[in-house]
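Report on the following structure.
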Amino acid sequence: MEKRCLSSMTQKQLAEYIASLGQPSFRAGQIYKWLHQKLVTDFDAMTDQPKALLERLREECTIAAPSIRRKQCSRDGTIKYLLELADGNCIETVLMRYHYGNSVCVSTQVGCAMGCRFCASTQAGRVRDLTAGEIASEIYTVQRDTGERVSHIVLMGIGEPLHNFNNVMDFLEIISSPGGLNIGMRNISLSTCGLVPKIDELAKRKLQLTLSVSLHAPNNKMRSSMMPVNDAYPLEKLIPACRRYQKMTGRRISFEYSMVRGVNDSPETARELADLIRGMGAHVNLIPINPVDGSPYSATDDKNVRRFRDLLEQLGVNATIRRRLGADISAACGQLRREDAKMTMERNQHS
């Protein structure tokens, strides 16, 4: 029998499971606190639980507890982790330090199926989804390693969060629960490449998180050349979905726009972008891309990024330039995982 991941259960799911074992309801609350406040990874650490119950849990369940396979520390305080999961797969997690607190960028899948041509995460394709507990364990691992509290979360690491919709929704419930880390939804950003049906499904939940849509181009021809997902959900479908999301949730959308030299960084493109999202009150986050081996794209120079931002502002679009963190480490998402896989393959070939 395949074991269940205890730390992937929401409070309601855990209560139902503990009740099915014939245990009093208060046990579920105690166990939930051990998992999501005290961040234990061993059943024996739950010292207020009966031995018979712990033995049953050990037989039937696991606790998501990745190990740190590699760790890179930047001069600016950013830490990039390569975490190894129980099945040997690896994901990336990044701690970013800001004046308002510590933010962690989490992965939601092992690999990615979306195929964006400027991203290292997707070059080997999708292997599997992460469970809710595995996503939460990224944050818990960072807190245990640094001894510092995480106050903000960005779902912008390896994988497409809305492609792993149910597990991500359970993760959001777990991580924002008062019985756990209690990180408020307004401190959570979720990034999507534009899966329109899932954007509509997310809107119905009326969560107070920030939805960030990876736009990267103001027309279909340009966007499809960069992001294959645009063939399924072109701008004629994506932008109305964003407007519906704003109307239903009352939350402003942020558009991510990776600046690629000679592709999407001209003044004409800025004007086209302003026309596309006019009237939404949306925010555009300009991202100087990190170089990725095997990608045909290179970064726009900083001066041009500033010119692009200034033109958007003149056209009535709120735009900022993302602060570049971790420039002296493997900054591009998926790059550390890819480097590790390459090193492992080379070792195996020479052994």
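Computed from a prediction, not measured in an experiment: that's the story for all the values here. When reading the values below, keep in mind they use all heavy atoms of this one structure, side chains included, and skip hydrogens, waters and symmetry mates.
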Ignoring hydrogens and angles, state whether a donor on the side chain of [X] or [Y] is under 3.5 Å from an acceptor on the partner side chain.
X: Ser191; Y: Ser212; result: no
X: Asp231; Y: Ser224; result: yes
X: Asn304; Y: Asp265; result: yes
X: Glu148; Y: Asn102; result: yes
X: Ser177; Y: His36; result: no
X: Glu236; Y: Asn220; result: yes
X: Glu272; Y: Asn219; result: yes
X: Gln30; Y: Gln49; result: yes
X: Asp129; Y: Gln109; result: yes

Look only at the side chain of [X] and the backbone of [Y], and say whether a donor-acceptor pair between them is shorter than 3.5 Å.
X: Arg27; Y: Ile18; result: no
X: Asn264; Y: Val260; result: yes
X: Ser266; Y: Thr269; result: yes
X: Ser74; Y: Gly77; result: no

So which heavy atom on [X] is nearest to which on [Y], and how close?
X: Ala28; Y: Leu14; result: O-CD2, 3.5 Å
X: Glu313; Y: Ala319; result: OE2-O, 2.9 Å
X: Ser225; Y: Arg117; result: O-NH1, 2.9 Å
X: Phe171; Y: Ala132; result: N-CB, 3.6 Å
X: Pro178; Y: Gln37; result: O-NE2, 3.4 Å
X: Glu138; Y: Glu92; result: OE1-O, 3.6 Å

Is there a side-chain contact between [X] and [Y], using heavy atoms and a 4.5 Å cut-off?
X: Val168; Y: Leu162; value: no
X: Leu6; Y: Tyr17; value: yes
X: Cys61; Y: Lys3; value: no
X: Leu215; Y: Leu238; value: yes
X: Val305; Y: Arg307; value: no
X: Met169; Y: Leu207; value: yes
X: Thr210; Y: Leu190; value: no
X: Arg251; Y: Arg186; value: yes

Rounded to the nearest 0.5 Å, what separation is found between the [atom1] atom of [X] and the [atom2] atom of [Y]?
X: Leu54; Y: Met46; atom1: CG; atom2: CE; answer: 7.0 Å
X: Ile188; Y: Ile153; atom1: CD1; atom2: CD1; answer: 4.5 Å
X: Ser107; Y: Leu82; atom1: OG; atom2: CG; answer: 9.5 Å
X: Arg309; Y: Tyr257; atom1: CZ; atom2: OH; answer: 15.5 Å
X: Asn164; Y: Asn167; atom1: CG; atom2: CG; answer: 4.5 Å
X: Ile183; Y: His152; atom1: CD1; atom2: NE2; answer: 9.0 Å

For Arg128 and Glu134: C-alpha separation, side-chain torsions, deciding distance, then whether salt bridge (Lys or Arg N to Asp or Glu O under 4.0 Å) applies. CA-CA 12 Å; Arg128 69 171 177 86; Glu134 286 175 325; 3.0 Å; yes
Please say yes or no: joined through hydrophobic side-chain contacts below 4.5 Å, possibly via intermediate residues, are [X] and [Y] part of one cluster?
X: Leu286; Y: Leu311; answer: no
X: Leu21; Y: Met9; answer: yes
X: Ile287; Y: Met156; answer: no
X: Ile321; Y: Leu315; answer: no
X: Leu130; Y: Ile68; answer: yes

If you apply the rule side chain to side chain contact (heavy atoms under 4.5 Å, CB included), what do you find for Thr93 with Val104, and how did you get there? CA-CA 7 Å; Thr93 304; Val104 169; 3.5 Å; yes
Between Glu60 and Arg56, is a salt bridge (Lys or Arg N to Asp or Glu O under 4.0 Å) present by the stated rule, with each step listed? CA-CA 6 Å; Glu60 297 184 5; Arg56 183 77 179 271; 2.4 Å; yes
Is any side-chain N of the basic residue among [X] and [Y] closer than 4.0 Å to the acidic one's carboxylate O?
X: Asp76; Y: Arg97; value: no
X: Glu173; Y: Arg205; value: no
X: Glu201; Y: Lys198; value: yes
X: Arg278; Y: Asp275; value: yes

Where does the angle between the aromatic ring planes of Tyr100 and Tyr98 fall among parallel (under 30°), tilted (30 to 60°) and perpendicular (over 60°)? parallel
Under 6.0 Å from the ring centre and within 45 degrees of the ring axis: does the NZ or CZ of Lys71 meet both conditions for the six-membered ring of Tyr81?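 Judged by the rule (NZ or CZ under 6.0 Å from the ring centre, within 45° of its axis), Lys71 is not positioned above Tyr81.
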Hey, do the aromatic rings of Phe255 and His216 have their centres closer than 6.0 Å?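 Centroid separation for Phe255 and His216: 6.0 Å or greater.
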Can Arg126 and Val110 be said to form a side chain to side chain contact (heavy atoms under 4.5 Å, CB included), step by step? CA-CA 6 Å; Arg126 172 189 165 276; Val110 179; over 6 Å; no
Full working for side chain to side chain contact (heavy atoms under 4.5 Å, CB included) between Leu172 and Leu155: CA-CA 10 Å; Leu172 291 173; Leu155 288 89; 4.3 Å; yes
Could you walk me through whether Glu160 and Thr192 pass the side chain to side chain donor-acceptor pair (under 3.5 Å) check? CA-CA 6 Å; Glu160 161 58 57; Thr192 178; 3.0 Å; yes
Please test Leu53 against Ile31 for side chain to side chain contact (heavy atoms under 4.5 Å, CB included), starting from the C-alpha separation and ending with a verdict. CA-CA 11 Å; Leu53 173 58; Ile31 293 170; 4.2 Å; yes
